[in-house]
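Order of listing sets the numbers, starting from 1, for every ligand and every atom in it.
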Amino acid sequence: MKKKNDERISNVKQNDNKANKDYAKVNSGVFVFTKSITVGELAKKLEVNASDIIKKLFMQGKMVNINQYLDDDAIGEICLEYGFDFKKEEIVDEVDFEKINIEDDAKDLVERPPVVTIMGHVDHGKTTLIDAIRNSNLAGEEFGGISQEIGAYQKICKNKKITFIDTPGHEAFSAMRMRGASVTDIVVLVVAADDGVMPQTIEAIDHAKAAKVPIIVAINKMDMPGADPEKVINELMKYDIIAEKYGGENIVCEISAKKKQGIDELLEAILVQAEMLELKANPKRYAIGTVLEANLDKGEGPKATLLVQNGTLTSNDYIVCGTSFGKVRRMTNEHNQILKEALPSTPVSVIGLSEVPLAGDRFMAFPTEKQAKDIASKRQLKKLEEERAANNGVTSLDDLYNKIHEGTLSQINIVLKTDSTGSAEACKASLEKLGNDQVKINVIRAASGGITESDILLAKASGAIIYGFNVRPTAVVRKKAEEDKVEIRLHRIIYALIEEVEDAINGLTKKEEVEHVLGQAEVRNIFKVSKVGTVAGSYVIDGEMHRDALCRVIRDGVVVYEGKIETLKRFKDDAKTVASGFECGIKVENFNDVHEGDIIENYELREKE
Ligand code: GDP
């Protein structure tokens with residue numbers, strides 16, 4: 001039942017079969033259709049003779065009968081023959097709320113707060129700025145502290161709200177975008193005044209531009225002696241970020257996140273930018289929005305931070321999120337206060353969902369339990385069908401051999417991670433050249449850096465094998481890959497990687513030695529010992545470390561050294577093995593350049609069964 005005094009309109013119309021009834025019609029000389037139709041139906045709609053159509057198609061060498069369905073091209077050609085224009089309209093059904101086009105009456109629209117994401121190069125001060133904003137006690141705000149539990153919050157500046165999304169870095173931003181979610185209205189690009197434009201600054205610019213989101217530049221660390229804002233402004237011009245004072249569109253603020261200087265001005269700049277964007281939403285509809293993050297709370301079950309993007313979410317609504325369904329049991333804000341309702345652009349933490357959704361999932365609220373349940377189950381079905389259709393199901397090399405042998409595979413999807421951008425490009429080019437008439441190689445992601453959960457996600461979703469060149473997954477990522485049955489193939493020589501794929505295409509399998517990872521240790525302290533060299537005071541985080549085993553040193557997911565463990569010690573004593581959860585001293589043979597934070601992985605080679 002719809003709740004009393006609830007004036008909100010629903011996001012889906014019940015029993016809306018319009019799409020099905022009007023699947024094809026002639027509208028002022030244009031034949032508009034939504035799905036394929038038969039020769040007979042087309043003849044009726046165009047008011048021509050069916051046998052005439054059959055004849056025309058016959059002349060083109062196509063034998064059809066009156067009950068045969070026509071493809072889009074044939075429909076188009078026939079329309080043109082009879083002097084009609086044609087147009088295929090995509091119908092988006094209610095189940096597809098990622099694509100649904102919500103149309104609000106202009107009179108219902110009201111201003112909504114901007115949603116802001118902070119991006120920039122590592123160490124340029126994103127986290128410090130986020131903290132400065134989080135903890136700033138702005139005039140007009142009732143509450144100071146914000147719970148760390150929620151990754152988004154609102155601040156009030158000049159009686160207006162601004163919503164901040166806390167996940168700095170581009171991973172989260174691009175992961176969301178990859179899943180079709182765009183939540184950010186404004187990007188604040190942090191650039192350190194003493195360092196200038198750096199690789200991730202450029203990456204952030206690319207991301208923001210691809211998402212068509214305006215950029216406000218925050219030149220940070222203005223308190224540093226070497227601060228040179230003009231240099232930053234000049235460097236940014238190369239990337240089409242032009243400061244207002246030079247006639248461009250980008251607002252530039254000079255701040256010191258550490259000294260909390262210029263923060264108010266930055267917030268005001270955000271409001272100015274927001275005003276230009278004329279951000280509006282309709283609070284008088286059921287909520288629709290995006291999952292910002294979600295996890296499984298031990299006591300409370302699935303817990304998600306949702307951003308309401310349009311409509312109002314109340315604490316009794318039924319929601320569908322991804323494919324899961326639920327009733328909002330409790331809704332809280334960033335101050336851990338219970339909310340009855342959340343207006344557009346409000347981030348809230350919600351419990352009551354049946355499953356943990358994924359960041360980037362869309363959610364929609366419904367007036368009745370029945371409607372929500374119905375849509376959730378239709379979405380589950382649809383997802384299953386899509387997965388079946390889209391996924392050629394190859395996520396391991398063995399699968400690949402089999403499918404190639406059976407002749408049922410025409411494309412190999414690969415996610416490629418390498419130690420540098422240069423090698424990613426080189427490797428991608430070589431791999432794509434390997435394709436032949438029967439099998440095409442499709443590198444769906446080629447990037448530098450360690451193998452991450454997002455790679456696993458992408459590989460799983462697209463039936464891809466992950467290839468790593470000189471990079472490693474962390475233990476957590478490796479486990480995720482095992483769970484998701486995604487195969488990760490690791491190589492240290494480009495040639496070996498290429499050869500393996502080439503063999504796969506040719507349907508050759510090889511008996512091979514496979515690597516078996518014994519354990520990983522994290523380097524916590526460095527000791528320089530005279531005559532011995534650098535000893536890494538380490539903590540075993542996974543598996544076991546073995547003396548004399550092969551090992552590699554991994555820094556930020558990239559292999560920096562390959563060799564052997566020379567000595568392994570527990571306190572002062574030599575140890576044969578050290579188990580997970582214990583500290584040890586490791587000396588890597590012929591290698592003294594270990595850094596704190598490095599991962600030492602040891603492994604052995606075993607013959608593949
Ligand atoms: P992130 O990697 O972009 O999140 O950068 P952090 O916020 O972790 O900052 C990196 C380093 O720069 C830290 O040591 C901060 O204390 C320092 N830092 C950040 N903002 C400022 C600033 O405005 N002035 C100065 N002098 N240091 C800053």
Run the side chain to side chain contact (heavy atoms under 4.5 Å, CB included) test against R329 and tell me which residues pass, sequence neighbours left out.
I351
Show the atoms of ligand 1 that are less than 4.0 angstrom away from any heavy atom in M224.
26 (N)
Would you say K209 has more than 12 foreign heavy atoms packed within less than 6.0 Å of its NZ?
yes
Do R478 and E601 sit within salt-bridge range, that is, some charged N less than 4.0 Å from a carboxylate O?
yes
Does ligand 1 come near enough to A257 that some N or O of the ligand is less than 3.5 Å from an N or O of the residue?
yes
Polar proximity ligand 1 side, T127 side, N/O cut 3.5 Å exclusive
yes
Under 4.0 Å from a heavy atom of D123: give me the atoms of ligand 1 that qualify, with their elements.
1 (P), 2 (O), 3 (O), 5 (O), 10 (C), 12 (O)
Checking the N or O distance criterion of under 3.5 Å, is ligand 1 in contact with L129?
no
Run the numbers for me: atoms of ligand 1, each under 4.0 Å from some heavy atom of S256, listed by number.
22 (C), 23 (O), 24 (N)
Near T128, which atoms of ligand 1 are under 4.0 Å from a heavy atom of that residue?
6 (P), 7 (O), 9 (O), 15 (C), 19 (C), 20 (N)
Proximal ligand 1 atoms for H121, defined as those under 4.0 Å from one of its heavy atoms
3 (O)
Identified side chain to side chain contact (heavy atoms under 4.5 Å, CB included) counterpart of D131 within the set T128, T127, I133:
T127
With the threshold set at 4.0 Å, does a side-chain nitrogen-carboxylate oxygen contact exist between E522 and R524?
yes
Would you call D542-K479 a salt bridge at under 4.0 Å N-O?
yes
May I ask you to list the atoms of ligand 1 that are less than 4.0 angstrom from any heavy atom of V122?
2 (O)
Quick one: is the NZ or CZ of R570 closer than 6.0 Å to the six-membered ring centre of F582, and within 45° of its axis?
no
Ligand 1 to K126, heavy atom cutoff 4.0 Å, flagged ligand atoms 1 (P), 2 (O), 3 (O), 4 (O), 5 (O), 7 (O)
